[in-house]
Amino acid sequence: MFLNNLLIFSALAAFGLMLIVSDWRMRIAGLASLYFVGFIVILQIWPVALASVKLISGWMGIALLSTSMLNSMHQVNDHRFTSEMIFRFLMTVLIWIVVAAIAPSINEWLPIPYTNLYIGVSLMGSGLIFMSLTEDLFEIILGLLTILTGFDIIYSSLEGSALVTGIYAFIIILICLLSGYFSPPDLDKEEE
């Protein structure tokens, strides 16, 4: 019971870190923490080898995303308004409260542990809010990866397929590669 509550709190705290801070490095650290929490949640159900594939593919994607941010001239806007941060945080807290209210009825349909369901649905809803309130490519990618992390936690509780795990790893790495492709280039390097 204590571990489950700690996992829920850790997932929400990691996403809160991604939501509140402006530095892209701290957001990447929050996403890496989300992948680690997802690994611990999935590890309770799956063998270590399959669960570690999800962790390693997520961290490989984070490394690709970090490399594209280092090579990009477009550093994420570090000057966000306080009202924007407060609005995003309150919307996310509203999502968490709604998920806490509807999770028992969803748990009747999906026979998975409550912790997995709550973390998965909370991350899916929070990632959707995070992704929909911006036009910045980096934040959209972070929101999409958060949605996929939440979906993966729920789906892994229902299905334990090695093929699906491999396809999921390929999708995560492909999304991060595409974010590097679509990020604007550094103009200083082009002038040299």
For a quick test of reading the model, state the closest non-hydrogen atom pair linking [X] to [Y] and the distance between them.
X: Ile112; Y: Asn107; result: O-OD1, 2.9 Å
X: Ile173; Y: Ser57; result: CG1-O, 4.0 Å
X: Ala63; Y: Thr67; result: O-OG1, 2.8 Å
X: Ser33; Y: Ala14; result: CB-CB, 3.8 Å
X: Ala11; Y: Val37; result: CB-CG1, 3.9 Å
X: Ala103; Y: Leu117; result: O-CD2, 3.3 Å

Does Leu12 have any side-chain contact (heavy atoms from CB on, under 4.5 Å) partners at least two apart in sequence or in another chain, and if so, which?
Ile8, Trp96, Tyr118, Ser122
CZ of Phe87: more than 12 outside heavy atoms within 6.0 angstrom?
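Open.
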So, the side chain of [X] versus the backbone of [Y]: is there a donor-acceptor pair under 3.5 Å, distance only?
X: Trp24; Y: Met69; answer: no
X: Thr134; Y: Met131; answer: no
X: Arg27; Y: Val21; answer: yes
X: Ser52; Y: Ala49; answer: yes

Return the set of residues passing ring pair (Phe, Tyr, Trp, His ring centres under 6.0 Å) with Phe15 (not counting sequence neighbours), or none when no residue passes.
Phe130
Show your working on side chain to side chain contact (heavy atoms under 4.5 Å, CB included) between Ser105 and Ile102 and close with a plain yes or no.
CA-CA 6 Å; Ser105 61; Ile102 66 171; 4.2 Å; yes
Distance from Glu139 atom CD to Asp136 atom CG, nearest 0.5 Å?
5.0 Å
Hey, what do you get for CG (Asn116) to CG (Leu7), rounding to the nearest 0.5 Å?
8.5 Å
Among pairs that include at least one residue of residues 42-54, which meet salt bridge (Lys or Arg N to Asp or Glu O under 4.0 Å), considering only residues two or more places apart or in two chains?
Lys54-Asp152
Derivation of the side chain to side chain contact (heavy atoms under 4.5 Å, CB included) call for Ile154 and Met124:
CA-CA 10 Å; Ile154 292 174; Met124 288 172 63; 4.0 Å; yes
Considering only residues two or more places apart or on different chains, which pairs with a residue in residues 140-161 satisfy ring pair (Phe, Tyr, Trp, His ring centres under 6.0 Å)?
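Counting only pairs at least two positions apart or across chains, the ring pair (Phe, Tyr, Trp, His ring centres under 6.0 Å) contacts touching residues 140-161 are Phe151-Tyr155.
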Residue pairs, two or more places apart or on separate chains, that pass ring pair (Phe, Tyr, Trp, His ring centres under 6.0 Å) and touch residues 26-55
none
Counting C-beta onward and ignoring hydrogens, is there a side-chain heavy-atom pair between Arg88 and Leu133 closer than 4.5 Å?
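They are in side-chain contact.
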How about Leu3 and Thr115: do any of their side-chain heavy atoms sit closer than 4.5 Å?
no
Hey, any chance [X] and [Y] share a hydrophobic cluster, counting ILVMFWY side chains that come within less than 4.5 Å of each other, even indirectly?
X: Trp59; Y: Leu174; answer: yes
X: Val48; Y: Val53; answer: no
X: Leu158; Y: Tyr114; answer: yes
X: Leu6; Y: Ile42; answer: no

If you apply the rule side chain to side chain contact (heavy atoms under 4.5 Å, CB included), what do you find for Ser22 with Met85, and how did you get there?
CA-CA 9 Å; Ser22 295; Met85 292 177 11; 4.3 Å; yes
In sequence, state the C-alpha distance, the side-chain angles, and the governing distance for Val93 and Phe89, and then conclude on side chain to side chain contact (heavy atoms under 4.5 Å, CB included).
CA-CA 6 Å; Val93 168; Phe89 182 73; 3.7 Å; yes
According to side chain to side chain donor-acceptor pair (under 3.5 Å), does anything in residues 160-175 pair up with another residue at least two apart or in another chain? List the pairs.
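Checked against side chain to side chain donor-acceptor pair (under 3.5 Å) - neighbours excluded - no pair reaches residues 160-175.
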Give me the one residue out of Leu145, Leu128, Thr146 that meets side chain to side chain contact (heavy atoms under 4.5 Å, CB included) with Leu123.
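Passing option: Thr146.
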